[in-house]
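Lettering follows sequence order; numbering is per chain, from 1.
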Amino acid sequence: MANDREVLREIWEGRLPVCFQLNSEETYSLQAPDAYYLMVPRLSYFPLVTDKVRKHFLKYINPEKQEAEMWLDFNGQPLRWHYPIGVLFDMYASDIQLPWNITVHFDKFPEDELLHCPSREVVESHFMSCIKEADVLKHRSQVVSNMQKKDHNQLWLGLQNDKFDQFWAVNRKLMEASGEEVFKYIPFRCYRGDGPFVQHLVRPVTEEGQKKTLHHLISEVFPNETDCVHVMTHGIEPPWETPLQWLSEHLSYPDNFLHLCIQTS
Amino acid sequence: KESKLCDTFEEPLDTFLEDKSMLENTVEERTTWEYHVMYNQSYSVPTLHFNAWRSDGALLSLEEVWGRALKCYRGSLEDDKWTVLTQQEHPILRRPFYTLHPCRTAEFLESLKEKSSNILITWLSTFGPVVGLLLDFQYGRSVASANH
């Protein structure tokens, strides 16, 4: 049960300062546009918070490209919009100085690297499929499929509109261990360098029923490396002794997954 | 047949070129499809990932994929298309792939467990056609012979 409300609130309110600039090659007008500054929520997704960015830069690009899909890059790397903003930041953290300088594009969409995102429905579909997957991992019975559509909508609206209470009114049900003391498996993803993210089946307790910690998880996923890795999430390095069950209940993103960025020292 | 061909070529060129059906018949739109079958650990089921490209190299859009893939299942799947078939990141290759969502597969396979000697072929022959993947008849033969 995610009962440390203060922690939940702090996590929810995480923000990052971003400086958006139009790709100079796409400036059609004589005058280059001003950069656009925005505080973005760590827990959200770029397509949900960049409507004003799009509006700001559209008038400076080729008038024939007004319907083009906007995409972002940092340091020449296209940003995967389907990862929560905070995850993207933590992945590149060592290369970032605030404000986070991001380049805006409307041309040459990198189809072999980025999922298309022509509408909010795409984001919603992705978000809900993560929630469902997390539910399958956590609960023997399926909490999400037993919920009404209006509950699903409430999760999505709570996230979109930055409404903590609205979101958690439903999410608390997903954070309950439903009859058991702990989740079946902990939903998590580890990001390291350029490779695909790592996802394993990890239980929150040992076979003897002892609570497992972050250290246990990293030992299972990256054996023999625990001495030389740092784990970052939400811009912090949680202590190695943090129980996995607590971590999952309190430090998961709205999609109900723990997203852990692994850096080697 | 041969004489008919000669007839066509003996038509005055103007008439020949104005017959638009001739032009349509010679334009072939080829789509290249690539399929991957992966095991989804979270749902404990196989999942189907695929991409499709036009002959100019452009990826088919989601709307185009839905249009082709869900043709035979109009009605029930139409309403649920957002939860059935969307672009996702390939778990190993990290590139975008159209993916059949695994949530329904688990239920479906559970109901078939006792009845099939090769659950993978049963799964693929059921879900494959939804996305244009038709299995060779030989696969069916191997399952049938195993059942006897």
Worksheet item: With a 4.0 Å cut-off, would you call A:Arg203 and A:Glu220 a salt bridge?
Response: no

Practice prompt. Give, as side chain, backbone, both or neither, the part of A:Leu201 having an atom under 4.5 angstrom from any heavy atom of chain B.
Written response: both

Worksheet item: Quick one: side-chain hydrogen bond (donor to acceptor under 3.5 Å, both in side chains) partners of A:Glu133, sequence neighbours excluded?
Response: A:Arg189, A:Gln199, B:Ser42

Worksheet item: Who are the side-chain hydrogen bond (donor to acceptor under 3.5 Å, both in side chains) partners of A:Gln160, not counting sequence neighbours?
Response: A:Arg120

Fill in: Interchain contact, A:Tyr83 with chain B, by part (heavy-atom threshold 4.5 Å)
side chain

Discussion item. So for B:Ile92, is it side chain, backbone, both, or neither that comes closer than 4.5 Å to the heavy atoms of chain A?
Written reply: backbone

Item to complete: I would like to know whether B:Asn51 and B:Trp33 meet side-chain contact (heavy atoms from CB on, under 4.5 Å); could you show each step before the answer?
Response: CA-CA 6 Å; B:Asn51 270 323; B:Trp33 296 70; over 6 Å; no

Discussion item. Which atoms of A:His116 are under 4.5 Å from chain B, going by heavy atoms: the side chain, the backbone, both sets, or neither?
Written reply: both

